[in-house]
Structure formats: structure tokens, C-alpha cells
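Only a predicted model underlies this, so the values are computations on that prediction, with no experimental measurement involved. Order of the sequence lines sets the chain letters (A, B, ...), proteins ahead of strands, with each chain counted from 1.
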Amino acid sequence: MKKGFSDDTFLARWLAGKLKDEEQKILEERDDYTDYLQILNGVKELDLPSYSEEKSWKQLLAKKQIKEPKQIKKKKRWPIYWAAASIIIIIGIGIAILLGQQSYTTTTGQKLSINLPDASKVQLNVSSKVRYNSFLWHFGRKVSLKGEAFFEVKKGRSFKVITPTGEVGVLGTTFNVWAREQQLEVRCHSGKVKVSSAKKSEILQAGEKAVAKAGSIDRSTIPSIAEQPSWTKGISKFDLAPVKRIMEEMERQFDVQIVYTGDSQKELTFSFPNNDLDAALRLLSGALEASYKIDNNNKILIKPN
Amino acid sequence: MNNDTPKNICRQDTFELLFFEHSRRLHNFIYFKSGDESLAEDISQEAFLRLWAACKNIPYDKAKSYLFTVANNLFLDHVKHQKVVTRFRLQKTKELSPDNPEYLLEESEFKTQLEKAISALPEKQRTVFLLNRIEKMTYKEIAALLEISVKAVEKRMHKALIELRKLTKNI
């Protein structure tokens, strides 16, 4: 006769070792106790049929290749291709920009004429430097200038000249930009020009000039403005300019050093030829009522009489 | 919410990891249920294939329950349409036993009976019993896997032992 158990989880709790001591005693006194032990022992020795994960994985891969939807493949590859493509494009653009950098420098006594990509022209005076990027030109006409240059700008998109003191914005016009010694002087020969410096700006018409320095811009009229500045024709012309400035230009034009013992702030209206130093010195001394001497080091000393 | 990218199952290396982690147990699970080795092989592979197809939508930590649910459903589908041939062929491990032919004969006879008894167990009892005894899963783990209570697991264990005894003793 078979005895029942106190509850229907008894044997489960026995297997898990969760029987109370009294319960364990009751179990061990049962007739069928050894039967259960035998079953457990028998099951212990049973093993599973051989299962190889490796083999199964290989079979799975084979099945997977057939079933794999094409979209997943594309999705996996696209990001890599797009990343590679974008890097190449960025590098390519970078190289193009680097190769597009153009820079022209004149030394003392040297003049230069430059044609910009849109057929606008720049005439560079002595000791000046102009820079622009031919690759980026189509996105905006931008030129940086240090020194002095005369611009003939073809009508078109915005044209900007960037100098250390300020910016000149143009639309189809001719103008002279003088950017030296923390100053910016712009003379508009034709058309219209906007000069900006330190958040201020002035619009120049033909025959007007603007001087920007120390955060201010002064607009004034040029009495008789030629079609082009005279330096493009080989003559440096000054309208009530301080002697200091005249001499500095002379130094640049002739690659000389000038020492003047008189008042260098005196203002002169004066012109000198850019190709004849002796004539220039004679004219200057005459205007200053001084005499000049060239010493052993090629230094020119000008002394008032 | 964690902003880190969770392990992406759609990557083959991650998927392979999941496979080696779960395939054996998944295979055994269906084998215990069915006693049909090739069915267990087919169903567990099919479960993984379906996981792969749905890889975009399954987060890594839900993969295991997905696999077992799919496998279970495939098994139920199979049972609906086909009779399952339950034949447990559980290999015997080599045992150090006294070189007594009678003893050995008795042993092997019993083992054959045990195999038959296990095959004859109702599937619910058998699955729980073998998961505990051979896979060494705790009642808690089995309960979580089968989505039943621990008490229910214990009841099935208890009944399985009683039934096995009945079957092996020809009662």
C-alpha cells in the first residue's frame, strides 16, 4: 500500500534540501525511499546526446546566409562607406583650399599688377602684400591687403578688401587702399565704396576719401581725383601729407634710409618720380629748404639749411 | 535611461556570443520537452534565425527570453500538426562499478526502464524534472523560464518523481 505525502511539493523540497528535520526522518522511514534514491542515481548517470555548439553554429551560419535580408547587409556597410567618402571629400576640399591660396608681395622699389579670377585687377605698390584664395573666390571675392594697392573691380558679387585696420566693401568700382601703420586710407576713384573700421563705416563716392585710424573714420573730398592714382603711373603724389610719410614712401620706392633732422610733421603738397632718386631728393630738399648728403652706408641725411 | 549603445545583436560577433551562451540550454530545453533530438536541433536553430531577423528590435538583455519564447511556440506549433516521437536516448556515462555482470545487467536494465519512463512522463513534469536534474537549474530559474510560479515547479517535480517510480516499478 502506498502512503501519501503530507503535501504535493514534499519530494521537490527534498531534492532541494529544504525539508525540515522531522520531515526528513519521515521520508527515510518510508518503504519507497530507496526507490526514489535509485531513480535519482539512475538519472545522474544519464547524459545528454552529444551536442556540438561549433557544429550547430556553422549550420546556423549556412542557413543565415541564405535567409539574410539584403537590407541588413546594406545597412551594415553604408555607414562605413559614407564615413570614408566624407573623409575623402573633406580632405579633397581642404587640399583645394590650400592650393587656392594666392599671395603676392612687392618689395621696396617694386610694383606689381595682378589679375584676379574674375578679371578684376589689382595694382600693388611698393612694399605691399595681397592675398586671396582662388578656390574660394567663387563663394565671395575677398582680398587681404597690407600696404597700398589700386583696385579695379568688375561688377559682380560682393568684393571685399580686408586690411588690418578695416574693411573695404565694393561693387564694381575703382579705388585706392592705403593700409599701413595702423591706418587705412581709401580713395574712391569711381563707383562707390564702403569703408568699415571698428564698427563704424562710411560710404565713399567718386572723388572722396576716408581715413580710418584709432577707431574713427574721417570722410573728405579729394580736390581733383585722377582716373588712377599717380603711383600707378610712376609718380608718388602727396596732398598736404606730413614729411614723415613722404620720406617713408621714398624709402620704400628706392630702398633707402632717410634721416631728417627737421620737423617731420610738417605738411607738404609734393610729388616725386619713382624712378629717379637724385631727382626725388633734389625736389624734396628744395621743398624743405634743406640739403642732403649720402654717407658711406648709403644713408641719406637731410638737414635743414 | 542609459545613453550607451547597447550591444547590438545585428552585429555578427555579438550574435555569435549570444549563440554560444544560450544555444545548448535552448536545445536541451526543447529536447527535454520533446525527446526528439533532431526536432530540438531544428527548433533551436530556427529560434536563432528568427532572433537574427528581428535583431534591430530586440535589446541584448531581452534576447534570451525571446529565444525561449519563440522556441516554445515553435514546439507547440509542431505538436499541433505532428505527433512527437518521444524517445529519450540518454547515453550512459562510464561508471566505476564492480565488475559484476549481474550488477551491470541489472543496472542497464534499469536504465532502459528509466529512459522509457522519462519518455512516458507528461511533458510538463518531464521538462521541469530534467531541467532540474540534468541542466541543474534551480526551481526559481525554471519558474522564470517557464513563466510559472516556484510552487507550480515544485508540484511538477514531486509528481514527476512519483510517476517515475510508478513507471519503473510497473505499478
Problem set entry | Phe129(B): partners by ring pair (Phe, Tyr, Trp, His ring centres under 6.0 Å), with sequence neighbours left out |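 Partners of Phe129(B) by the ring pair (Phe, Tyr, Trp, His ring centres under 6.0 Å) criterion come out as none, since no residue qualifies.
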Over all atoms of both residues, closest heavy-atom pair of [X] and [Y]:
| X | Y | value |
| --- | --- | --- |
| Leu40(A) | Leu161(B) | CD2-CD2, 4.3 Å |
| Ile39(A) | Leu114(B) | O-CD2, 4.0 Å |
| Leu15(A) | Tyr139(B) | CB-OH, 3.6 Å |

For this session: Please round to the nearest 0.5 Å and tell me the distance separating atom CG of Asp42(B) and atom NZ of Lys63(A).
Result: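 If I round to the nearest 0.5 Å, the distance is 5.5 Å.
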Exercise. What distance separates Lys166(B) NZ from Asp32(A) CG, expressed to the nearest 0.5 Å?
Worked result: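 If we round to the nearest 0.5 Å, Lys166(B):NZ and Asp32(A):CG are 12.0 Å apart.
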Under a 4.5 Å heavy-atom cut-off, does chain A meet the side chain of [X], its backbone, both or neither?
| X | value |
| --- | --- |
| Thr168(B) | side chain |
| Glu135(B) | side chain |
| Glu41(B) | side chain |
| Phe19(B) | side chain |

Strictly distance-based, threshold 3.5 Å: is any side-chain N or O of [X] a donor or acceptor partner for the main-chain N or O of [Y]?
| X | Y | result |
| --- | --- | --- |
| Arg133(B) | Lys44(A) | no |
| Gln45(B) | Ser56(A) | yes |
| Tyr51(A) | Asn28(B) | no |

For this session: Output the option from Met157(B), Lys155(B), Arg24(B) having the highest count of non-hydrogen pairs under 4.5 Å with chain A.
Result: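 Highest number of heavy-atom pairs under 4.5 Å: Arg24(B).
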Problem set entry | Most chain A-contacting option - heavy-atom pairs closer than 4.5 Å, from Glu16(B), Lys159(B), Glu37(B), Lys151(B) |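 Counting heavy-atom pairs under 4.5 Å, the top option is Glu16(B).
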Exercise. Once the angle between the rings of Phe15(B) and Trp57(A) is folded into 0 to 90°, is it parallel (under 30°), tilted (30 to 60°) or perpendicular (over 60°)?
Worked result: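 Geometry flag for Trp57(A) against Phe15(B): tilted rings.
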Problem set entry | NZ/NE/NH1/NH2 to OD/OE distance under 4.0 Å, Arg13(A) and Glu154(B) |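 Glu154(B) and Arg13(A): not salt-bridged.
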Exercise. Should Asp35(A) and Lys169(B) count as an ion pair when the cut-off is N to O under 4.0 Å?
Worked result: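 A salt bridge links Asp35(A) with Lys169(B).
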Problem set entry | Centroid separation Phe5(A) to His158(B) less than 6.0 Å |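 When the ring centroids of Phe5(A) and His158(B) are compared, they turn out to be within the sub-6.0 Å range.
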Please indicate whether [X] has more than 12 foreign heavy atoms, meaning atoms of other residues, nucleotides or ligands, lying under 6.0 Å from its [atom1].
| X | atom1 | answer |
| --- | --- | --- |
| Asp21(A) | CG | no |
| Gln101(A) | CD | yes |
| Glu28(A) | CD | yes |

For this session: With side chain to side chain contact (heavy atoms under 4.5 Å, CB included) as the test, would you mind laying out the steps for Tyr36(A) and Ile162(B) before giving the verdict?
Result: CA-CA 8 Å; Tyr36(A) 294 118; Ile162(B) 291 175; 3.7 Å; yes
For this session: Counting only heavy atoms closer than 4.5 Å, note whether Asn41(A) contacts chain B via side chain, backbone, both or neither.
Result: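 Neither part.
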